Amino acid sequence: MKKAMRQIIITSLISLFAVSPLLAQEEIPEAAMERFKAGFALIEKADKPADFLAAIGEFEAAAALAPQWADIHYNLAKLAAETDKPAKAIKEYRTYLALTPDGAERAAVEGDIARLKETIARKRKLGLPGVVFAAMPDGIWVMELSPGSRVGKTFLRKGYKILAVEDQSVVGAKLDDFFRAIETQSAKVAAAKSEEKKQPGQIPAGFMAEIGYIRSQKFMRTSQPNNVGNTVEETGPAIAFTIIPPGSGKGYLYFKKSMFHSNVIEIEEDEFEDEVLKESLPVVVTFWGSDCGPCQDFVPAVEAQGAKYAGKVKFVNVNVNENRKLVNQLAVKGVPTMMVYKGGSPVSTTTGRIDNAKLAELLQGVAAH
């Protein structure tokens, strides 16, 4: 994993250390270079998602110390793009282009920006709120996962590595390729299952729990409720992920395409202005954390309300671990925290679990004005 993430920015490192002596002496403070080196060291030793967040923090500190250092913005963009922060990557790429208007990389960077915009649109079309991935050379890693979202209620967990979507390998794929694979393979499975007859003694691809389940290569078939209280059913097409849980062998996760869908979108701090402050509809912002116990019930309750008020209220989620600047800026004290915005201004803040009746009452009031 360490070697894999190191390879993400190895190409841009060449440009970082090939800066002209004049530029290095006059425009890049030693402190900025040290913060960059610290970030790179974190990437080299990374064995948990927090290391990548810390590396981004070091790169950001370097950029703050040397805001005209184009290559640090390029590196930030590369790292952000591969750790499911496309909005941040776009912002950093645009800064890089502004600092290097005649740069040879301009066309390539503009192409990357266009692809990142497509990535945002594709992921939102699929759904997938409450999950953060990282594109690594050895697979797609799950970096963060909300304990209460639909995807979080599958057996997919933080730290899992995804090797394939159905029969399509995602090893070495970019995140947009991964999301595209889900989209494409879901359509293929749905079409195939409409014609397929179940064969005695085999587990059909559509066999799954409503919340999903894992079977190892030595699988067990069951029609009993699974260990988290949801009933296994054998209906509807399901899409398979080939996965490797931490410290375990290869397994398979099956779930329905509908499990992706949500009226809640996940946003980054760099999208907050456009998605919240400039939104004409009332906006409900839920701040969550992957280790938040109360989020287990609260996040799905908000998600259910999101379906009820579609078109009347906009619902967004913010991962506090991935968006510390925004969390500090808004003085979010704990999770879950719900903030309601109207006309770009906050009108209420609630921290902690709200029972379903109070949540329904609160959102009814939001939609009524």
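For reference, positions follow the sequence shown, starting with 1. Since we're looking at a predicted model, the values are computed, not measured.
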Enter the distance from [X]:[atom1] to [Y]:[atom2] here, rounded to the nearest 0.5 Å.
X    : Y    : atom1 : atom2 : value
D297 : D355 : CG    : CG    : 11.5 Å
K37  : E44  : NZ    : CD    : 12.0 Å
I43  : I56  : CD1   : CD1   : 8.0 Å
I239 : L253 : CD1   : CG    : 10.0 Å
L359 : T350 : CG    : OG1   : 9.0 Å
M33  : L65  : CE    : CG    : 12.0 Å

Min side-chain heavy-atom separation [X]-[Y] under 4.5 Å:
X    : Y    : answer
L128 : F179 : yes
Y93  : E110 : no
E266 : S146 : no
T349 : T337 : yes
Q329 : F272 : no

Less than 4.0 angstrom from a charged side-chain N to a carboxylate O is my criterion; do [X] and [Y] meet it?
X    : Y    : answer
E322 : K88  : no
E82  : K78  : no
R115 : D176 : no
K314 : E279 : yes

Between [X] and [Y], is there a shared hydrophobic cluster once you connect ILVMFWY residues whose side-chain heavy atoms come closer than 4.5 Å?
X    : Y    : result
V171 : M136 : no
L277 : V318 : yes
V283 : V302 : no
V320 : M339 : yes
I354 : V264 : yes

Determine whether a donor-acceptor pair (N or O, by modelled atom type, separation under 3.5 Å) exists between the side chain of [X] and the backbone of [Y].
X    : Y    : result
H73  : Q68  : no
E271 : E268 : yes
E92  : Y74  : no
E166 : Q185 : no

task: Could you give me the CA-CA distance, side-chain angles and deciding distance for V142 and V131, then say whether side chain to side chain contact (heavy atoms under 4.5 Å, CB included) is met?
output: CA-CA 7 Å; V142 181; V131 60; 4.2 Å; yes
message: Which label fits F36 and W69: parallel for a plane angle under 30°, tilted from 30 to 60°, or perpendicular past 60°?
response: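 Plane angle over 60°, so perpendicular.
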- request: Fit a plane to each ring of F178 and F241, take the angle between them on a 0 to 90° scale, and name the class: parallel (under 30°), tilted (30 to 60°) or perpendicular (over 60°).
  value: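 Tilted, since the angle between the ring planes falls between 30° and 60°.
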task: Could you point out which residue of V285, D274, I120, V276 forms a side chain to side chain contact (heavy atoms under 4.5 Å, CB included) with I267?
output: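 Exactly one pass, corresponding to V276.
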task: Evaluate the side chain to side chain contact (heavy atoms under 4.5 Å, CB included) criterion for residues T100 and E105: first the C-alpha distance (whole Å), next the side-chain angles of each, then the deciding distance (0.1 Å), finally the verdict.
output: CA-CA 9 Å; T100 57; E105 294 289 319; over 6 Å; no
For [X] and [Y], work out which heavy atoms get closest and say how close.
X    : Y    : answer
A63  : L76  : CB-CD1, 4.2 Å
D71  : Y96  : OD1-CE1, 4.1 Å
V366 : P282 : CG1-CB, 3.6 Å
Y254 : A240 : CE2-CB, 3.5 Å
N75  : F59  : CB-CE2, 4.1 Å
F287 : V335 : O-CG1, 3.6 Å

task: Answer yes or no: are there more than 12 heavy-atom neighbours, outside E361 itself, under 6.0 Å from its atom CD?
output: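 Check fails, neighbour count at 12 or below.
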message: Can you tell me which residue among K91, R94, K325 is in a salt bridge (charged side-chain N to carboxylate O under 4.0 Å, His left out) with D270?
response: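 For D270, the salt bridge (charged side-chain N to carboxylate O under 4.0 Å, His left out) test succeeds with only one of K91, R94, K325, which is K91.
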- request: Test R124 against every option in E183, E118, E275 by the salt bridge (charged side-chain N to carboxylate O under 4.0 Å, His left out) rule and name the one that passes.
  value: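 That would be E275; it is the only one of E183, E118, E275 passing the salt bridge (charged side-chain N to carboxylate O under 4.0 Å, His left out) with R124.
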task: Begin from the C-alpha positions of N321 and V132 and carry the test side chain to side chain contact (heavy atoms under 4.5 Å, CB included) through to its verdict.
output: CA-CA 11 Å; N321 298 321; V132 179; over 6 Å; no
- prompt: Passes side chain to side chain contact (heavy atoms under 4.5 Å, CB included), Y160 versus L145? Steps please.
  reply: CA-CA 10 Å; Y160 280 19; L145 193 126; over 6 Å; no
- request: Kindly determine whether W288 and E144 satisfy side-chain hydrogen bond (donor to acceptor under 3.5 Å, both in side chains), including the steps that lead there.
  value: CA-CA 11 Å; W288 65 273; E144 287 284 343; over 6 Å; no
